[in-house]
Participant: 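Can you read through this structure? Questions will come right after.
Computed from a prediction, not measured in an experiment: that's the story for all the values here.
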Amino acid sequence: MTTTADLATRLRAMPDDALERLVVARRLPAAALAESGPQHVADFFDLAEALRTDDAVDAAVEHLPRAALLALRAATGDVDAAGAVPPTADTRAALAPAVALGLADEDGHVDDAVAARLAAHPDLADLTGQPGGAPPARPAAPVDDETAAQTGAEQAFETMTVLAELLRAVQDGDVRELVKGGIGTPLARTLGERVGAPAEAVPDRLALLRRTGFAALEQGTWSVTDAGSTWLAADWPDRWSTLVATWSAALDPAVHEVLALAGTDWGDLLTLGRWAYPAGARWLDAELLEVAGTAAALGIVVDGRVTTTGNALLAGAVDDGDADAGSRDAGSLDARSLAARDLPDTVPGVYLQHDLTIIAPGPLSPADDEALRSVATLEAPGLAARYRVSEDSLGRAFRDGLDRDAVTALFDRLSVTGVPQPLSYLVDQVAERVGSIVVDLAPAGTGSVVRGTADQLDLIGVDAELRQLGWERPELTVLATRYPVQVVHSALREARYPAVLTAAAQATVAAVPPVRRATAGRDPRAAARALVERLRLTTERAEGEPEQEWLGRQIDLAVRGRTPIRLTVRMPDGSERPFSIVPTSVAAGRVRGKDTTVDVERTLPLSLVVAVESEA
């Protein structure tokens, strides 16, 4: 039998890193990890009690695989002769997950609280069989069907398009979290219209961006991570392979185990999940349903079966072979090549319309798409995207550092039908109005220069709101100042002059870091590390000697549980004598209890107690 004191002793003896891993794995509630409060863990005994509560034990048991549960049942003697597993090396190996969670010790002794919960768990009542028992038979070969591959690739392209548009919405600051959590129905509807997805799918796609690490949510503020920015700049095959790889890497190890059992048939993951983790239905069912839905959205599973390309993407890569490119042999191509073959081909150009719309007859490369977005507004994402050029979009392009020649060159490069006259007129008109005043770095490297027409610079030079910039006029079409480009540009924009920064000037403007609210919580590992440090410090700073304080807590627990213990007491002559008692009270530096050997009441001074052992 293992008691709270035994577990506390074991926890205290563990190295800090192992103790931190145990605390993280047991998923203790935030109130227990807090630095204060009625439920916070103050010492190792509190931690042991928190780990032995019914809820904590049930949560840990739910994450144990079948072999570990059978080994636990065998160690508690709670199986029949046919199902019992002798305490062999294999049994100890099967117990390793339970030992890592603190449910049993290295010798295979199971905590009595764990044994009680195992006996009471409704999903384990009929658990029988050896740890190595075979799961239900599954098909071995992946889907090798052209239609399935095409369907999966089209679904993957649609999902990646939605994810890319959501990332851009996050970049623009258009995704806001409610105080109570979630994004709210009105925003979901707005984002759905923007990205071309149903409103009810938007929260799931945002969750996918967080799981893959492409977007982050900190205290209600969404942001795009470096990984997300890199993914946006990648081409379509790399987007697909990276998306599947990062999603798969973020899955729970238990989910990976179930998927390995499923092979390429994901049509009934729940049955396999309940076989592999007999006590885990409460959390694993939901995880597996989400995995199946996400896998279908990523195009790696079609009608419950993993496609050949999906199998390669999940594996990360497959060995190169000698088969030709048209073969469906997964060994002939790596995962990226399979993805590139299945995805729709990108188109080299677009149609520029007289009504200032731009029609892409197929998917554009991410680089071309980004270039078009710099001068136009995306109206309809998808396989045949539609953009619109307007005064606002061109003005934005000029303010971002593009000039008339760069915009015209972009249209000439991408258009398959030439540049319509209305579009050329609009570019010229907006360029004269918006891009006519240019702010650049001074040739000497210090200060700024402003270039424009003589009439424009005459107005700027005598403008009272800009007089503090201390203009100099080395040439008729040039103004110079000692102030940096960002100051000059901001001042001109505030005074409503159509000033733009050159590309060289933009590169020197330091990006202002976003204002972030303080994060209220910490990640589980940081919280576990803080708890372990606090426990060690509490032990060192105990009011009495640390060992004496520890012995006192052990006796106090025995009093509360009416648990028989053996006290080793140092006698006046220096010898040590054991007493087996059931303690009844601890007060005034003494412990009182019934001596189970001679059936008498004893009172022993705590200061002379040198060891406490459980006899439960």
Participant: Got Met160 and Leu343 here, is their nearest side-chain heavy-atom distance under 4.5 Å?
Facilitator: yes
Participant: So which atom in Ala169 and which in Leu191 form the shortest heavy-atom distance, rounded to 0.1 Å?
Facilitator: CB-CD2, 3.9 Å
Participant: Any heavy-atom pair between the side chains of Leu22 and Leu51 that's under 4.5 Å?
Facilitator: yes
Participant: Rounded to the nearest 0.5 Å, what's the gap from CZ on Arg12 to CG on Leu19? Could you check?
Facilitator: 12.5 Å
Participant: How far does CD of Glu62 sit from CG of Leu124, to the nearest 0.5 angstrom?
Facilitator: 9.5 Å
Participant: Ignoring hydrogens and angles, tell me if any N or O in the side chain of Thr242 forms a donor-acceptor pair with the backbone of Arg239 under 3.5 Å.
Facilitator: no
Participant: Using a 4.5 Å cut-off on heavy atoms from C-beta on, say whether the side chain of Leu206 contacts that of Leu209.
Facilitator: yes
Participant: Hey, is the main chain of Phe214 close enough, under 3.5 Å, to the side chain of Thr225 for a donor-acceptor pair?
Facilitator: yes
Participant: Please assess Leu243 against Leu313 for the test side chain to side chain contact (heavy atoms under 4.5 Å, CB included), listing each intermediate value before the final yes or no.
Facilitator: CA-CA 9 Å; Leu243 180 60; Leu313 291 172; over 6 Å; no
Participant: Ring-plane angle category for Phe157 and Trp236, please: parallel below 30°, perpendicular beyond 60°, tilted otherwise.
Facilitator: tilted
Participant: Can you check whether Ala59's main-chain N or O pairs, donor with acceptor, with Arg27's side chain at less than 3.5 Å?
Facilitator: no
Participant: Does atom CG (Asp303) have a neighbourhood of more than 12 heavy atoms from anything else shown, all under 6.0 Å?
Facilitator: no
Participant: What do the steps show when you test Trp231 against Thr246 for side chain to side chain contact (heavy atoms under 4.5 Å, CB included), and what is the final call?
Facilitator: CA-CA 11 Å; Trp231 185 78; Thr246 52; over 6 Å; no
Participant: So does Asp112 pair up with Arg52, basic N to acidic O under 4.0 Å?
Facilitator: yes
Participant: Which pair of heavy atoms, one from Ala276 and one from Leu261, lies closest together, and at what distance?
Facilitator: CB-CD1, 3.8 Å
Participant: Tell me, do Gln155 and Thr159 make a side-chain contact under 4.5 Å, heavy atoms counted?
Facilitator: yes
Participant: Could you report the tightest heavy-atom contact between Glu165 and Pro381, atom names first, then the distance?
Facilitator: CG-CB, 4.1 Å
Participant: Once rounded to the nearest 0.5 Å, what's the spacing between atom CG of Leu259 and atom CG of Leu251?
Facilitator: 6.5 Å
Participant: Taking His256 for its side chain and Ser248 for its backbone only, find out whether a donor-acceptor pair lies under 3.5 Å.
Facilitator: yes
Participant: Check the surroundings of atom CG in Asp226: do more than 12 heavy atoms from other residues, nucleotides or ligands lie under 6.0 Å from it?
Facilitator: no
Participant: Distance check, rounded to the nearest 0.5 Å: Leu72 atom CG versus Leu103 atom CG?
Facilitator: 6.5 Å
Participant: If you define the side chain from C-beta out and look only at heavy atoms, does anything of Ile183 sit under 4.5 Å from Glu177?
Facilitator: yes
Participant: Can a salt bridge be assigned to the pair Asp285 and Arg274 using a cut-off of 4.0 Å between side-chain N and carboxylate O?
Facilitator: yes
Participant: Heavy atoms only: give me the nearest Leu338-Ala312 pair and the separation to one decimal.
Facilitator: CD1-CB, 3.4 Å
Participant: So which heavy atom on Arg66 is nearest to which on Trp275, and how close?
Facilitator: NH1-O, 3.1 Å
Participant: Run the numbers on Val258 and Leu284 for side chain to side chain contact (heavy atoms under 4.5 Å, CB included), then give the verdict.
Facilitator: CA-CA 10 Å; Val258 175; Leu284 189 55; 4.2 Å; yes
Participant: Give a yes or no answer on whether the side chain of Trp240 reaches the backbone of Arg336 with a donor-acceptor pair at less than 3.5 Å.
Facilitator: no
Participant: Quick one: does any side-chain atom of Thr294 pair with a main-chain N or O of Val291 as donor and acceptor, under 3.5 Å?
Facilitator: no
Participant: Is any side-chain heavy atom of Leu269 closer than 4.5 Å to one of Leu289?
Facilitator: no
Participant: Grab the two heavy atoms, one from Val306 and one from Gly310, that are nearest each other, plus how far apart they are.
Facilitator: CG1-C, 3.8 Å
Participant: To the nearest 0.5 Å, what is the distance between CD1 (Ile565) and CD (Glu613)?
Facilitator: 10.0 Å
Participant: Out of the candidates Asp111, Asp55, Asp58, Thr53, only one should pair with Arg117 under the side-chain hydrogen bond (donor to acceptor under 3.5 Å, both in side chains) rule; please name it.
Facilitator: Asp58
Participant: Within a strict 4.5 Å, meaning less than it, do heavy atoms of the Glu290 and Arg211 side chains meet?
Facilitator: yes
Participant: So, taking the atom named CZ in Phe45 and the one named CG in Leu7, what distance separates them when rounded to the nearest 0.5 Å?
Facilitator: 10.5 Å
Participant: Take Arg566 and Val612 through the side chain to side chain contact (heavy atoms under 4.5 Å, CB included) test and state the conclusion after the steps.
Facilitator: CA-CA 6 Å; Arg566 175 177 294 180; Val612 178; over 6 Å; no
Participant: Identify whether the distance between the nearest side-chain nitrogen and carboxylate oxygen of Glu533 and Arg536 falls below 4.0 Å.
Facilitator: no
Participant: Taking the side chain as C-beta and beyond, is there a heavy-atom pair between Leu178 and Leu187 under 4.5 Å?
Facilitator: no
Participant: Mark yes or no: Arg176 above the aromatic ring of Trp222, with NZ or CZ under 6.0 Å from the six-membered ring centre and no more than 45 degrees from the axis.
Facilitator: no
